[in-house]
Asker: 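Structure incoming, see below.
No experiment lies behind these values; they were computed from the predicted model shown. Whatever order the structure lists them in is the order used to number ligands and atoms, beginning at 1.
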Amino acid sequence: MTTVRHADVLLEKVPLERYVPPAKPSLLGLSRDDLADALAGIGVPEPQLKMRVQQLWHWLYVRGAADFDIMTSVSKELRQALAKSFTLMRPEIVAEQVSVDGTRKWLLQLPPEHLGETPHQVECVYIPETDRGTLCLSSQVGCTLTCTFCHTGTQRLVRNLTPGEIVGQIMIARDRLCDWNGGAADSPRLVSNIVMMGMGEPLYNFEAVRDALLIAADGDGLSISKRRITLSTSGVVPNIPRAGAELGVMLAVSLHAVYDGLRDRLVPLNRKYPIAELLEACRNYPGLSNARRITFEYVMLKGVNDSLADAKELVRLLKGIPAKINLIPFNPWPGTTYECSDWEQIEKFSEIIFNAGYASPVRTPRGRDILAACGQLKSETEKLSARERMALRAMAMTD
Ligand code: SAH
Ligand code: SF4
């Protein structure tokens with residue numbers, strides 16, 4: 001009898017096999033090779049393929065074309081043939097909210113797995129700062145993991161996003177912020193940084209996230225440097241070396257506790273991949289250096305993980321790993337029993353880390369009024385009952 005491995009099977013096999021694509025496939029998110037195959041499939045002759053792929057790539061990812069009609073360097077016949085077989089459709093925006101601090105949140109609608117089912121919803125957040133604009137992308141609808149302090153963790157897992165749906169979030173942000181600049185690939189942009197810190201665990205949708213981020217980083221397209229792309233994981237240890245080798249973006253690790261007992265409770269995936277294994281994978285992360293440090297995220301939970309002894313142990317644990325520690329004030333959400341640590345406690349905690357030689361910025365919560373801050377993302381349509389949550393958590397631990 002086959003053992004059902006919750007995270008792998010539910011996420012990576014079943015939903016994608018059953019996924020019903022839109023009537024016409026979208027060209028967003030295809031690699032150059034797949035784009036060439038798509039063009040060959042509608043009769044573009046082999047000797048023209050490379051040039052046509054280059055043209056399309058430029059229209060899609062430098063100019064932000066949402067319609068084949070504007071592709072004036074492409075012959076009219078080919079534009080018509082493309083429009084007959086493909087779309088350039090982005091995920092549909094169903095709501096846009098702007099916070100008093102300028103943070104924007106888009107609620108996006110994606111096709112369901114089966115015809116006739118309610119469409120899925122996912123969120124994407126833009127955080128403007130003086131020196132950068134960071135876009136926080138989702139990788140899954142919901143999350144199979146059930147970190148107890150995270151709102152997304154209470155949502156029923158629905159499915160993995162496709163590469164096109166991940167790249168589509170960047171394109172929507174550039175559309176809405178008028179951030180396409182008419183041709184020059186390398187001028188400053190409002191969307192300058194990307195973090196995979198929205199809904200979902202990116203390393204449980206590895207291939208799609210990898211393919212999408214390689215398009216985001218492509219110098220002839222969206223052109224966001226790998227140094228400005230950060231992938232955050234709750235600790236899917238086997239995929240950490242792959243992320244380094246196949247993608248090479250910056251890594252952030254959601255640590256949140258320094259003892260296995262507590263981390264088992266906060267981040268239940270810890271029971272599968274405990275702290276020592278996780279830190280070993282971090283030590284061996286390809287390309288790790290002082291210039292390419294790992295960010296350790298640590299959510300500040302009052303009376304739970306915020307003692308000064310915890311801070312000292314954190315410093316001890318990270319010894320020898322080029323690291324930055326990001327202290328995240330807990331963002332409350334309806335129904336949570338956790339509270340954010342007191343400000344003085346966060347400051348004392350941060351001081352210990354700083355004195356040990358680590359940068360320890362406290363992440364300013366952004367967009368709290370529109371529930372856009374870390375861990376607050378959750379589409380209201382996807383509620384889970386307490387019983388279903390417990391079942392999911394139990395399954396996540398089953399090998
Ligand atoms: N699944 C990935 C990425 C998405 S979560 C991960 O867990 O790393 C992005 C960050 O927000 C993680 O560090 C997560 O632990 C943190 N987070 C989740 N819920 C939070 C909350 N309510 N308040 C503050 N940070 C939270
Ligand atoms: Fe999933 Fe990350 Fe939330 Fe944990 S913190 S439930 S891994 S989205």
Asker: Is the distance from atom 1 (Fe) of ligand 2 to some N, O or S atom of C143 under 2.8 Å?
Answerer: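 Yes, since at least one N, O or S atom of C143 sits under 2.8 Å from atom 1 (Fe) of ligand 2.
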Asker: Only heavy atoms of G198, strictly under 4.0 Å: list the atoms of ligand 1 that pass.
Answerer: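 Heavy-atom distances to G198 below 4.0 Å select 4 (C).
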Asker: In ligand 1, which numbered atoms sit nearer than 4.0 Å to a non-hydrogen atom of W333?
Answerer: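 With W333 as reference, the close atoms of ligand 1 come out as 22 (N).
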Asker: Any nitrogen or oxygen of F149 lying under 3.5 Å from a nitrogen or oxygen in ligand 1? Just yes or no.
Answerer: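 It does: an N or O of F149 is found under 3.5 Å from an N or O of ligand 1.
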Asker: Does an N or O from H151, backbone or side chain, lie closer than 3.5 Å to an N or O of ligand 1?
Answerer: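 Min N/O separation from ligand 1 is not below 3.5 Å for H151.
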Asker: For ligand 1, which is the ligand I care about here, please tell me if G200 has any N or O atom under 3.5 Å from one of the ligand's N or O atoms.
Answerer: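 Right, the criterion is met.
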Asker: Could you pull out, from L301, T336, N331, V236, the option with a heavy atom nearest to atom 22 (N) of ligand 1?
Answerer: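 Heavy atom nearest to atom 22 (N) of ligand 1 belongs to N331.
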Asker: Pairing donors with acceptors under 3.5 angstrom, does anything connect the side chains of S139 and Y204?
Answerer: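 There is no such pair between these side chains.
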Asker: Give the single entry among M199, H256, M197 that approaches atom 9 (C) of ligand 1 most closely by any heavy atom.
Answerer: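 Checking each option, the heavy atom nearest atom 9 (C) of ligand 1 is found in M197.
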Asker: Between Y298 and F349 (judged by ring centroids, cut-off 6.0 Å), do the two rings come close enough to count as a pair?
Answerer: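 Here the rings of F349 and Y298 have centres that are less than 6.0 Å from each other.
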Asker: How would you list all residue pairs meeting side-chain hydrogen bond (donor to acceptor under 3.5 Å, both in side chains) that involve residues 168-178, not counting sequence neighbours?
Answerer: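 Sorted result for residues 168-178: R90-D175, E96-R176, R174-D179, D175-W180.
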Asker: Counting heavy atoms only, which of S232, P329, G235, C340 is nearest atom 3 (C) of ligand 1?
Answerer: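 Answer by nearest heavy atom: S232.
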Asker: Can D264 and K272 be counted as an ion pair, charged N to O under 4.0 angstrom?
Answerer: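 K272 and D264: not salt-bridged.
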Asker: Has C150 got an N/O/S atom less than 2.8 Å from atom 3 (Fe) of ligand 2?
Answerer: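 C150 does place an N, O or S atom closer than 2.8 Å to atom 3 (Fe) of ligand 2.
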Asker: Provide the number and element of each atom of ligand 1 under 4.0 Å from a heavy atom of C150.
Answerer: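 In order of numbering, the contacting atoms are 18 (C), 19 (N).
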